[in-house]
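Both counts, for ligands and for their atoms, begin at 1 and track the order of listing. Numbers for residues simply follow the sequence, beginning at 1.
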Amino acid sequence: MPSGSLDYLKEQLAELEAQGLAQHPRTLEGEQRARTRFDGREVINLASNNYLGLAAHPRLKEAAARAAAEFGAGSGAVRTIAGTMTLHRELERRFAEFKGAEAALMFQSGFTSNAGTVAAILGREDVIVSDELNHASIIDGARLSRAEIKVFPHKDAEAADRLLAETAVPGRRQLLITDGVFSMDGDIAPVPDLLVVAERRGAIFMIDDAHASGVLGPGGKGTVAHFGLDPRRVDVQVGTLSKAIGVVGGFIAGPPHLIAWLVNRGRPFLFSTSAPPAVTAACIAALDVIAEEPERIARLWDNTELFKKGLHDLGFDTGASETPITPVIVGEEQAAQDLSRLLFEEGVFTPPVVFPTVPKGRARVRTIVTADHTRADLEEALEAFRRAGERLGIL
Ligand SMILES: *Cc1c(COP(=O)(O)O)cnc(C)c1O
């Protein structure tokens, strides 16, 4: 018999089920594509972050296979001991260039990039001023740093300015931090305003561009490029390799002393094994494809416009989205679960997003279009949305 009882988890799970808040991930049975098979059913896939269709791109697959053949399956160590490979160095050079930064450092994920960096650059005496909708990995990093955390209302640069002014004490460091694109609403942070605020108050400015890298701005270079700002004005840029780049991992771009500090104090970098050769080489190939096939980004935005307009014309509430992420907000948790289930039966996969990921009463299904969707895919999906919306009385 085990010594402790985990029986209380059964009760808590039953409660989640009763409230429609329990997670039941569907299983992907093929490649991550615009049309693919989940749980035994062919569906139009509006659920992935595979914005540019790179997850199953032949050049990435080839690069991964070649790197595995040449450098092996695993890296064998953490970066600071024996796990820094030539491929990691090359990818970091390429990402610094991509982001217009002086240097870059690869992490195992976007999550560890954020959490590891925030915790490494701030301490107990410092303060973090953070948008209320920032990603969980920023929140966790802020807690790990033990700095004081001040949350400002979504996208409210004036409120951020007030919080920085109120918490300013000589010698105390301040970090102003925001997602570039917000993952559940698909809206874009007011980066130019926040940057001015950070500069006025002498605060460190950090942007998490997980949903913007490869998506937003000329060449998919992200939020900073989207607003035409000089990337060297931003202290820390975070990116993920797991979304538009199509593989897995994360990176930090910034000045060389930031990167050198993270090599010494970024705990995921120091204490968790580095990315395998196949992953790293596939990410390098992704940067090549993004540069050489700019039509992918163009198609992504054409699809975004078509699908968003279609949902809007049908009468759905799509919130404040301005990117390929379009939420369809229905309110109650159960309504979101029902809409998602009904759409799946109609051959369209859109996951429900419920509390605590979004506030109570703002439950939704979240759609993400990709460059791989055809016009016919999106028209068929819209038709399914119309039927499901009518059947559930949402329209
Ligand atoms: C997805 C996401 C992350 C985490 O990236 P992973 O590479 O999947 O760990 C971080 N920040 C934001 C805003 C995200 O949407």
* **Heavy atom of the protein closest to atom 5 (O) of ligand 1 (residue, atom name, distance)** => Gly110 CA, 3.4 Å
* Asked: How about Glu17 and His24: does a side-chain donor come under 3.5 Å of a side-chain acceptor?
  -> yes
* Structure fact -> Atoms of ligand 1 under 4.0 Å from any heavy atom of Phe111, numbered from 1 in the order shown, are 4 (C), 5 (O), 6 (P), 9 (O)
* To do: With heavy atoms of Asp179 as the reference, note each atom of ligand 1 found under 4.0 Å away.
  => 13 (C)
* Classify the contact between Val238 and ligand 1 as side chain, backbone, both or neither, using a heavy-atom distance cut-off of under 4.0 Å. => neither
* Would you check whether Ser137 reaches within less than 4.0 Å of ligand 1, judged by its heavy atoms? => yes
* Asked: Does NZ or CZ of Arg26 come closer than 6.0 Å to the centre of the six-membered ring of Phe344, within 45° of the ring's axis?
  -> yes
* Between Ser48 and Lys243, do the side chains contain an N or O donor and an N or O acceptor separated by less than 3.5 Å? -> no
* Determine whether the side chains of Asn45 and Thr36 contain a donor N or O and an acceptor N or O closer than 3.5 Å. => no
* **Pair Phe385 + Phe316: ring centers closer than 6.0 Å** => yes
* For Asn114, the ligand 1 atoms whose distance to one of its heavy atoms is below 4.0 Å -> 10 (C), 11 (N)
* **Proximal ligand 1 atoms for Gly249, defined as those under 4.0 Å from one of its heavy atoms** => 7 (O)
* Of all the atoms in ligand 1, which lie at a distance below 4.0 Å from a heavy atom belonging to Ser242? -> 6 (P), 7 (O), 8 (O)
* Return the residue, atom name and 0.1 Å-rounded distance of the protein heavy atom closest to atom 11 (N) of ligand 1. => Asp208 OD2, 2.5 Å
* Will you find, in the side chains of Thr167 and Glu148, an N or O donor that is under 3.5 Å from an N or O acceptor? -> no
* To do: Ignoring hydrogens and angles, state whether a donor on the side chain of Arg79 or Thr84 is under 3.5 Å from an acceptor on the partner side chain.
  => yes
* To do: Below 4.0 angstrom from a heavy atom of His211, which ligand 1 atoms are there? Numbered from 1 as shown, please.
  => 15 (O)
* To do: Compute whether any side-chain donor of one residue and acceptor of the other, for Ser321 and Thr318, lie under 3.5 angstrom apart.
  => no
* atom 15 (O) of ligand 1: the protein heavy-atom neighbour that sits closest, reported with distance to 0.1 Å -> Lys243 NZ, 2.6 Å
